[in-house]
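Side chains are part of it too, since the values below use all heavy atoms of this structure and drop only hydrogens, waters and symmetry mates. Counting starts at 1 for both ligands and their atoms, following the listed order. Along the sequence shown, residues carry numbers from 1.
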Amino acid sequence: MSYVSSMRCKECSREYPVGAFNVCDFCFGPLEVVYDYDAIAEVTSRERIMSGPNSLWRYADFLPADYNPDVDINAGFTPLIRSKGLAEHLGLNELWIKNDSVNPSYSFKDRVVAVATAKALELGFDTIACASTGNLACAVAAHAARGGLKSYVFIPSDLETGKVLGAAIYGPTMIAIDGTYDDVNRLCSELAEEHPWAFVNINVRPFYADGSKTLGFEVAEQLGWRAPMHAVVPSASGAMFTKIYQGLKEFERTGLIDSVQTKMHSTQPRGCCPIATAYEEGRFVIRPVKASSLATSLAIGNPADGYYALKTIEASGGSAVIAEEHEVALGVKLLAETEGIFTEGAGGVAVMGLKHLVELGRIQPDESTVVYITGNGLKTTELVADVVHPLHIEPTVEAFEQAIAASTA
Ligand SMILES: *Cc1c(COP(=O)(O)O)cnc(C)c1O
Ligand SMILES: [Zn+2]
């Protein structure tokens, strides 16, 4: 059973019963899920969590839906890897990589969709849908396939082939739209009014968002029940960023870990950095931008949770940094060459953002740091085509020796 007591408006605090809506009727503020933390504290323990499944459902006491094997594809509980090569490169002594690129559909979006889909079924839906920058479409289509649900996934038409095919293969109804993600999202908000579907990131968004808390829980557990000094996170809507922090604070509040000192750092690419720009200019008002970035999964020009991401930065003593567009592929390459992990553009942004945070002195060498790698590079191979140089030869020993000599010259 879940420990949800109600839904609440983040702005005016009006309470609502639990249902498929995400906006306050009175002030149009976003709704969030309210939990009974005293009840959770009574039942939860490190042992109880450790004896749970090797998926995000080991944290079910903190989630708004019950585990449902019918739609489970084993999202979460991904590796946390102690960095060697990247840490050395950056001069850090305790760097950890949360490798969420190895989820079932190859991005952290499996977490949010696992929770949203389980909740949608509890609420009686038979169809799930989403407005996506790519990875969400993959996760929605995969979970729908597993659960025998209908699905509609809406994407911008200019996405990488790996994301389009990586979602289409699961058999959703896929709709590519000539426009930006923000156009897709606006259309889906209108469609959510017309159709009885659970749009995971629209009408059931409060439940969806809480799936990302597990990225905080897991890191704390995997670090031996402690929170890191710094978390470096790629942001689009800003939802994951705020929820990682909420997850850490919930573990603190229920006595699972000591006081959380984690500074939350948001990273964005130059071509779409409304949160980081607001941070740099010291304002809490997000100015929407026309998004255009090589890190397509971060290209949300009007971030729904941008304001709350800025509040999380403030509350945690963190910051925001920008990776230049030309750095996106370099960050992907750097992580691959130093750690053996092939991430997509969002991961490249996180890695280069981390580099800038170290250069700026915001992260000191001995401070424990986790960088979140949220998506898989095999979906966005176009991005790195120009930064790698495989040799191509005739099948002769001479050709091989010549090519090697030329490449090492
Ligand atoms: C969606 C996505 C993000 C951003 O998540 P938000 O919650 O929208 O900030 C980051 N990385 C990857 C790979 C994504 O797919
Ligand atoms: Zn309200």
Item to check | Heavy-atom check, side chain of Leu80 versus side chain of Val219, under 4.5 Å | outcome: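 Yes - at least one pair of side-chain heavy atoms lies under 4.5 Å apart.
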Those atoms of ligand 1 less than 4.0 Å from some heavy atom in [X]:
| X | result |
| --- | --- |
| Ser235 | 9 (O) |
| Glu344 | 13 (C) |
| Ala239 | 7 (O), 9 (O) |
| Gly375 | 13 (C) |

Next on the checklist: Can you check the angle at the Zn ion (ligand 2) formed by SG of Cys12 and SG of Cys24? Round it to the nearest 10°.
Outcome noted: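 The angle at the Zn ion (ligand 2) comes to 110°, rounded to the nearest 10°.
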Checklist entry - Mind checking whether His195 and Trp197 have parallel, tilted or perpendicular rings, split at 30° and 60°? => result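 The arrangement is parallel - the two ring planes meet at less than 30°.
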Checklist entry - Using 30° and 60° as the class limits, which term best fits the ring planes of Phe217 and Phe62: parallel, tilted or perpendicular? => result tilted
Check this for me: does any side-chain nitrogen of one of [X] and [Y] sit under 4.0 Å from a carboxylate oxygen of the other?
| X | Y | value |
| --- | --- | --- |
| Asp126 | Lys150 | yes |
| Lys333 | Asp386 | no |
| Glu218 | Lys98 | yes |
| Lys243 | Asp210 | yes |

Which heavy atom of the protein is the closest neighbour of [atom], given with residue, atom name and distance?
| atom | result |
| --- | --- |
| atom 7 (O) of ligand 1 | Met240 N, 2.9 Å |
| atom 14 (C) of ligand 1 | Lys109 NZ, 2.9 Å |
| atom 6 (P) of ligand 1 | Ser237 OG, 3.4 Å |
| atom 12 (C) of ligand 1 | Thr374 OG1, 3.3 Å |

Next on the checklist: Just to verify, which of Lys213, Glu250, Met264 counts as forming a side chain to side chain contact (heavy atoms under 4.5 Å, CB included) with Tyr245?
Outcome noted: Met264
Checklist entry - Is Glu42 atom CD crowded by more than 12 heavy atoms from other residues, nucleotides or ligands, each under 6.0 Å away? => result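 No, CD of Glu42 has 12 or fewer neighbouring heavy atoms, counting only those of other groups under 6.0 Å.
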Next on the checklist: Yes or no: does Phe108 have any heavy atom under 4.0 Å from an atom of ligand 1?
Outcome noted: yes
Checklist entry - Hey, does Ser107 come in under 3.5 Å of ligand 1, counting only N/O atoms on both sides? => result no
Checklist entry - Can you find an N or O of Leu298 that's nearer than 3.5 Å to an N or O of ligand 1? => result no
Checklist entry - For ligand 1, is any non-hydrogen atom under 4.0 Å from Ala346's backbone (N, CA, C, O), its side chain (CB onward), both, or neither? => result side chain
